[in-house]
Every structure is written in C-alpha cells, then in structure tokens.
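First the structure, in the form of structure tokens, and then the observations on it.
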Amino acid sequence: MKPGRELDALVAKKVMGWTKHRRAAGEDVDYSFNWVPPEFRGDVAYWRPLPRYSEDIAAAWVVVSKLPCAHLAVEWRDGRGWEAWFAIWDSVKQDADVYEGLGDTAPHAICLAALKAVGAL
C-alpha cells in the first residue's frame, strides 16, 4: 500500500481502534472530522480528523506507542527505502514475533509493519 488517506484509515481502524462516524444517516463524509477514538461516548466533541499516520512522523510514533513492542528498529536501507521492524513478545512461545515494513518514508514503513503486527496485512 502506498502512503495516503486509505492507508491512514486502515491504520486508524485496525491498529488504533478508531471508527468512522457518519454525521447523518446516508451521508458519507471525507477524511476530515468524522473519526472517533475508542473512548467515543456519542459526544460530537470527540470527532477528530483522521491523522496522517503514513506521512507524519509524529503521528507514526503514536502508532508505535499503541503496540506492545519488545523492540523497534527504523532505519534507512540504501536503495531500498525505509525499513521498520517490530519485535513483539509472545509469552506462549517464549519468543518474539518480528513484523517488517518497507516504505518510501519512515512513517510509511512504520504503518506497514504495524498493520502486519495486528494481522491486517
């Protein structure tokens, strides 16, 4: 997946637990103020714009904080772009599962690795 709003929406749903909220019955709105975090209780004050997880490094670090990482590496791979690895401890196996994402930018790679970690890719 390329960076952009479609990837941001997938990260919001699958990793962050956000939901898309319709303002009125049958009204399908864009990616602006129609997203709500998991703590949404029906108040319009909770509506948020969809963060640019795949393009903004600050938003991508919020994605990182959502995962129970034992280890994280993000690095530039000459000629390949950015690579992000999440190592998440599996207490049953007594070992870590590693999820990797390759992207054009660090936020892009982080989002792809996070989606793999939650089983969405």
Side-chain angles (χ1 to χ4, degrees):
M1 271 186 112
K2 294 187 183 279
R5 302 313 271 158
E6 187 178 335
L7 180 55
D8 296 337
L10 190 59
V11 170
K13 288 178 193 175
K14 301 294 185 178
V15 179
M16 304 303 292
W18 287 44
T19 55
K20 188 174 182 182
H21 184 74
R22 290 182 176 226
R23 293 182 181 182
E27 179 186 1
D28 193 16
V29 292
D30 64 359
Y31 296 111
S32 56
F33 286 95
N34 62 324
W35 287 86
V36 290
E39 64 271 9
F40 178 62
R41 300 289 181 261
D43 186 352
V44 171
Y46 277 95
W47 290 0
R48 301 283 185 265
L50 180 65
R52 294 188 177 275
Y53 295 118
S54 65
E55 300 171 316
D56 175 16
I57 193 64
W61 283 120
V62 174
V63 172
V64 170
S65 72
K66 187 75 171 175
L67 297 174
C69 294
H71 180 72
L72 164 70
V74 180
E75 57 188 47
W76 171 252
R77 292 291 190 181
D78 228 8
R80 292 178 56 199
W82 287 87
E83 193 166 18
W85 299 313
F86 290 106
I88 298 177
W89 183 254
D90 183 330
S91 58
V92 174
K93 294 188 325 186
Q94 292 294 302
D95 197 5
D97 292 321
V98 178
Y99 304 94
E100 177 188 37
L102 296 171
D104 298 332
T105 63
H108 183 210
I110 288 168
C111 287
L112 294 176
L115 286 168
K116 288 178 182 176
V118 298
L121 280 185

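Taken to the nearest 0.5 Å, the NZ atom of K13 stands 9.5 Å off from the CG atom of L50. Note: I110 CD1 to W85 CH2 = 13.0 Å, rounded to the nearest 0.5 Å. Going from atom CG of D97 over to atom CZ of F86 covers 13.5 Å, rounded to the nearest 0.5 Å. Taken from CH2 in W82 to CD in E75, the straight-line distance is 9.0 Å, to the nearest 0.5 Å.
The two atoms that bring H108 and G103 nearest to each other are ND1-CA, 3.3 Å, heavy atoms only. Across A113 and A84, no two heavy atoms sit closer than the pair CB-O, 3.7 Å. Looking at every heavy atom in both residues, V92 comes nearest to D90 through N-OD1, 2.9 Å. In terms of heavy-atom proximity, P51 sits nearest to R5 at O-NH1, 3.4 Å. Nearest approach of L72 to W61, heavy atoms of both residues: CD2-CZ3, 3.2 Å. Here the shortest heavy-atom pairing between V63 and A114 reads CG1-CB, 3.6 Å.
A 4.5 Å side-chain heavy-atom check between L67 and V15 finds at least one atom pair inside the cut-off. The shortest distance between side-chain heavy atoms of M1 and L112 falls below 4.5 Å. Side-chain contact between L121 and K14: absent, with no pair of heavy atoms (C-beta onward) separated by less than 4.5 Å. Taking the side chain as every heavy atom from C-beta outward, L7 and K2 never approach each other to under 4.5 Å.
Both V64 and V118 are assigned to one and the same hydrophobic cluster, defined by single-linkage of ILVMFWY side chains at heavy-atom distances under 4.5 Å. Transitive grouping of hydrophobic side chains (ILVMFWY, heavy atoms separated by less than 4.5 Å) keeps L102 and L10 in distinct clusters.
Between the side chain of D8 and the backbone N or O of Y53 there is at least one donor-acceptor pair closer than 3.5 Å. With hydrogens and angles ignored, the 3.5 Å screen pairs a side-chain donor or acceptor of S54 with a backbone N or O of G4.
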